[in-house]
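To keep things clear, I will list the structure first and then write my remarks on it.
For the numbers below, each heavy atom of this structure counts, side chains included, while hydrogens, waters and symmetry mates do not. Letters A, B, ... mirror the listed sequences (proteins, then strands); counts begin at 1. Because the structure is predicted, anything quoted here is derived from the model rather than measured.
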Number of protein chains: 2
Amino acid sequence: MTVEAEALTATFTALADPTRRAILARLTRGEATVGQLAEPFDVSLPAISKHVKVLQRAGLIEQTRRAQWRSCRLRAEPLRDIVTWMGQYREFLGDSFDRLDQYLTDLQKGERP
Amino acid sequence: MTVEAEALTATFTALADPTRRAILARLTRGEATVGQLAEPFDVSLPAISKHVKVLQRAGLIEQTRRAQWRSCRLRAEPLRDIVTWMGQYREFLGDSFDRLDQYLTDLQKGERP
DNA sequence: CAGTTAATTAACTACACAGGAAAGTATGAA
DNA sequence: TTCATACTTTCCTGTGTAGTTAATTAACTG
């Protein structure tokens with residue numbers, strides 16, 4: 001399996017869990033510690049800690065240590081890789097998807113913002 | 001878990017396997033029977049049959065029976081659902097993602113092609 | 001230093017899943 | 001009705017993962 005394929009596998013695997021998707025959604029509202037991420041869920045802290053590790057392995061989360069807290073921040077690259085991967089299906093997603101197609105073209109030209 | 005969340009889970013789970021992603025990619029070149037789908041892979045037919053079933057459960061594949069062959073066709077809806085889900089991350093994907101954002105807006109207005 | 005807080009690691013259980021081999025099903029052909 | 005083709009289903013094994021509690025690490029606090 002190529003490197004990109006392994007990365008995609010890790011990303012899709014990470015996104016296949018609803019708790020992990022909820023953690024990502026939470027992080028769009030700003031950084032959070034593992035404890036803060038755990039709060040809305042009815043599972044133990046170790047369980048959340050493992051979810052965070054899976055998200056980290058996929059590159060979807062970046063952790064920085066501050067004292068005994070580990071602040072988690074969202075990383076967009078893996079999501080962009082999914083958009084790129086979806087490019088091969090644009091004709092199946094309808095003509096409106098041309099806008100996404102255009103976005104992908106820009107990406108390849110290095111016009112990433 | 002909501003219905004949509006379960007659908008997303010099934011879709012991401014299906015896409016988390018490289019063999020299944022390869023099967024999908026093959027189907028962009030046209031319909032194929034299970035046997036034809038199995039050909040490029042070094043695994044048994046039963047294994048492919050099971051992969052096809054996972055893709056079917058996720059709604060990514062549609063099967064029609066013709067004699068003893070089962071022709072598989074790609075279905076785009078789950079991929080569109082992923083695009084919709086990615087909408088919440090558009091600001092993290094950069095300004096160029098606005099084009100995708102516009103596409104999503106069109107989708108919500110019912111302007112699906 | 002002892003104690004508290006934040007999070008990870010370890011050890012375990014339960015379950016899902018990828019894979020193979022072998023048997024079963026369904027359709028068409030001789 | 002017998003055989004071949006195209007799958008699917010069943011049963012099995014090994015592996016991965018989500019969850020738990022308990023123990024451990026790391027850093028600050030009094």
Quiz item: Between D/dA18, D/dC7, C/dA6, which one does the side chain of A/Asp17 approach most closely?
Solution: D/dA18
Quiz prompt | Options C/dA7, D/dA22, D/dT8, nucleotide nearest the side-chain atoms of B/Leu45 | solution = D/dT8
Quiz item: Which is true for B/Arg20 with a 4.0 Å heavy-atom rule: it touches a base, it touches only sugar-phosphate, or it touches nothing?
Solution: sugar-phosphate
Quiz prompt | A/Thr33 vs C/dA7: side-chain N/O to OP1/OP2 distance below 4.0 Å | solution = yes
Exercise. Identify which nucleotide among C/dT27, C/dT9, C/dG19 has an atom closest to any side-chain atom of B/Lys50, counting heavy atoms from C-beta outward.
Key: C/dG19
Quiz prompt | B/Ile48 CD1 - D/dT8 P separation (whole Å) | solution = 11 Å
Exercise. For A/Ile48 and A/Ile23, work out which heavy atoms get closest and say how close.
Key: CG2-CD1, 4.3 Å
Quiz item: Between atom CH2 in A/Trp69 and atom P in D/dA27, what is the gap in whole Å?
Solution: 12 Å
Quiz item: Nearest to the side chain of A/His51, which nucleotide is it out of C/dA26, D/dG19, C/dA7?
Solution: D/dG19
Self-check item: Of the listed nucleotides C/dA7, C/dG28, D/dG19, the one nearest the side chain of A/Ala47
Solution: D/dG19
Quiz item: Cluster question for you: counting only ILVMFWY and a side-chain heavy-atom cut-off of under 4.5 Å, with indirect links fine, are A/Val54 and A/Leu8 together?
Solution: no
Self-check item: Most 5' of B/Pro46 and B/Arg57 on DNA chain C, judged by nearest nucleotide
Solution: B/Arg57
Self-check item: Nucleotide D/dG19, atom P - distance to CG of A/Asp42 in whole Å
Solution: 11 Å
Quiz item: Taking CD from B/Glu39 and P from D/dT5, how many angstroms apart are they, rounded to a whole number?
Solution: 15 Å
Quiz prompt | Polar side-chain atom of A/Arg75 near backbone of A/Glu62 as donor-acceptor pair, under 3.5 Å | solution = no
Quiz item: Whole-Å distance between D/dC7 P and B/Gln56 CD?
Solution: 13 Å
Practice problem: Starting at atom CG of B/Leu55, determine the distance to atom C1' of D/dT8, rounded to an integer number of angstrom. | Solution: 16 Å
Self-check item: Candidate nucleotides D/dC7, C/dT8, D/dA26, ranked by approach to the side chain of A/Ser49 - the nearest
Solution: C/dT8
Quiz prompt | Qualifying side-chain hydrogen bond (donor to acceptor under 3.5 Å, both in side chains) pairs with a residue from residues 20-32 of chain B, counting only residues at least two apart or across chains | solution = A/Thr9-B/Arg21, B/Arg20-B/His51, B/Glu31-B/Ser71, B/Glu31-B/Arg73
Quiz item: Looking for any heavy atom pair under 4.0 Å, which part of the strands does B/Gln36 touch: base, sugar-phosphate only, or nothing?
Solution: nothing
Practice problem: Give the rounded distance in Å between these two atoms: CZ of A/Arg65 and C1' of D/dT25. | Solution: 8 Å
Self-check item: Euclidean distance, atom CG of residue B/Leu37 to atom C1' of D/dA6 [Å, nearest integer]
Solution: 13 Å
Quiz prompt | Nearest-nucleotide 5' precedence on DNA chain D, A/Arg66 against A/Val43 | solution = A/Val43
Quiz item: What nucleotide among C/dT27, C/dT8, D/dA18 has an atom nearest to a side-chain atom of A/Gln63?
Solution: C/dT8
Quiz item: B/Ser44 side chain N/O closer than 4.0 Å to the phosphate oxygens (OP1, OP2) of C/dG19?
Solution: no
Quiz item: Given A/Phe12 and A/Ile82, is the side chain to side chain contact (heavy atoms under 4.5 Å, CB included) satisfied, shown in steps?
Solution: CA-CA 9 Å; A/Phe12 282 129; A/Ile82 289 184; 3.8 Å; yes
Quiz item: Mind checking what makes side-chain contact (heavy atoms from CB on, under 4.5 Å) contact with B/Glu39, not counting sequence neighbours?
Solution: none
